[in-house]
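Heavy atoms only: backbone and side chains are in, while hydrogens, waters and symmetry mates are out.
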Amino acid sequence: MTEGNPDIGEIGQSISEIAENPSTGEVQIQLRDGRILKSSLGSGDRNSALREVSYNFSSGIIRLESVRGDAFEVDPEGVKTESDRPPVVYLDQCHWSALSNSIFDRSRVRDGKDLEAAEQLIEWAEAGRLIMPVSSAHALETSALFNERRQNLASTILKISRGWQMRSPVMVRMREMGKVLSDAYLVSTAPHEFDVFSLAAGAMDTKQRYTSKSDLPPGLSKLTDRLTALSTIYDVLMNPERIPSPVAGWHEHFNNVSGDPKFQARSSRQKQIDGRVMAVSDVLQEGVMAAHYLGIPVEERLASVLFERIDSMPSLRVYGDVIGHRLKNRAKWEPNDLIDILFLGCASAYADVVVAEKVATNYLQRSWGSKDRSCPVVAKLHEAVEKLSHLLG
């Protein structure tokens, strides 16, 4: 029951800030009249990499501090809408490493232009002139590192992203398919806010975040969910212990197709079509889930509808066109290519600028089929700065 319980607005009239030490479980509440109340939530987690998680009721800012002294701030949710937010810049992991090195070990950035560009991007991000989101791909690749190198990289990503996340590409393309299917089958759906780049709790999760039914008022329940989600990912990434990444077998199917003489005998145009067909086939189960959610009967025409309307699904279109391009060129597929295609493809469909490594930049640019705008993908940080200079004015 939430009736009669005060929500954030009312609580904020008496409390200016609340802070918890995850390591000890100690809680400190600062009242508006200057008094400080202390309590405990239990023994805490002695292995936590965080020393403090706090929320300021006036600014709406969440602050986190690591045990080693890294300080992070998370922008308050709702401060920027999709229409008025600054440009979004998505960095591949290798370029996040360059930004991290520009802070912690400048000698590792050998290209002077990249060092200067890294510093400029950091300055713009800290000033709120652009958004540089973190994704679950960054989390996965960072957690495979360990010790100081991992903590330095994690600190850079978490500090500069300020809580902004790119939605899981799986959730993005399900959203795209749901919209296409609702239009095709004339199903009316209630409008639902879904920004690809978001400050929401668990935005980058592939599966919908489970939250138990809460007796807290809506605002307080939402804040609790955000604090839990954010402190979890920050704690995991700042922990110096390595977490081995799973090795996917997804790529072997495409290597088999690339080496098939019958496939290679097909025309270039047909291979491009085949790439889109394979993309739709690859995600069809997600399309079925979207159809079930909308109450649409699942039948054979479902796949045809998705294929015929793939141009209206930005991230799925890029996904299919990259597959077709790489198969056409007999590219060797590696396990991490799935991450590149999923995340860089999704980012290129929605972000203003994407900075990828050279190979990925090449195939994204060559397979870019959108007539609405030029490909936002570049291979160098200084090229990103040049693009942004025009956008920022």
same_hphob_cluster([X], [Y]) at 4.5 Å side-chain heavy-atom cutoff:
X      : Y      : answer
Ile61  : Tyr234 : no
Leu158 : Phe104 : yes
Val378 : Val109 : no
Leu115 : Ile122 : no
Val67  : Leu237 : no

With heavy-atom distances below 4.5 Å as the criterion, would you say the side chains of [X] and [Y] are in contact?
X      : Y      : result
Phe57  : Ile18  : yes
Gln165 : Ser135 : no
His251 : Leu338 : no
Leu227 : Glu20  : no

Hey, what do you get for OH (Tyr363) to NE2 (His325), rounding to the nearest 0.5 Å? 9.5 Å
Please check if any side-chain donor atom of [X] sits under 3.5 Å from a side-chain acceptor atom of [Y], or the reverse.
X      : Y      : answer
Gln93  : Thr142 : yes
Arg32  : Ser58  : yes
Glu176 : Ser315 : yes
Ser48  : Asp235 : yes

Salt bridge or not between [X] and [Y]? Use side-chain N to carboxylate O under 4.0 Å.
X      : Y      : answer
Asp311 : Arg309 : no
Lys222 : Glu77  : yes
Asp321 : Arg276 : yes
Arg63  : Glu52  : no
Glu26  : Lys38  : no
Glu383 : Lys113 : no

Please check: side-chain N/O of [X] versus main-chain N/O of [Y], any donor-acceptor pairing under 3.5 Å?
X      : Y      : value
Asp92  : His95  : no
Ser16  : Gln30  : yes
Gln365 : Val377 : yes
Ser100 : Trp96  : no
Glu334 : Asn336 : no
Ser281 : Val277 : no
Arg167 : Val196 : no

On the ring face of [Y], is [X] found with NZ or CZ under 6.0 Å from the centre and within 45° of the axis?
X      : Y      : answer
Arg301 : Tyr185 : yes
Arg85  : Phe197 : no
Arg317 : Trp368 : yes

List, by chain and number, the other hydrophobic cluster members for Ile243, where Ile, Leu, Val, Met, Phe, Trp and Tyr join if side-chain heavy atoms come within less than 4.5 Å, directly or indirectly. Val236
Residue pair Val355 / Ala384: nearest heavy atoms and the distance that separates them: CG2-CB, 3.6 Å
Can you name the residues that form a side chain to side chain donor-acceptor pair (under 3.5 Å) with His382, not counting sequence neighbours? none
Can Tyr90 and Cys346 be said to form a side chain to side chain contact (heavy atoms under 4.5 Å, CB included), step by step? CA-CA 10 Å; Tyr90 184 88; Cys346 181; over 6 Å; no
When Asp274 is tested against each of Lys262, Arg266, Lys328 for salt bridge (Lys or Arg N to Asp or Glu O under 4.0 Å), which residue passes? Arg266
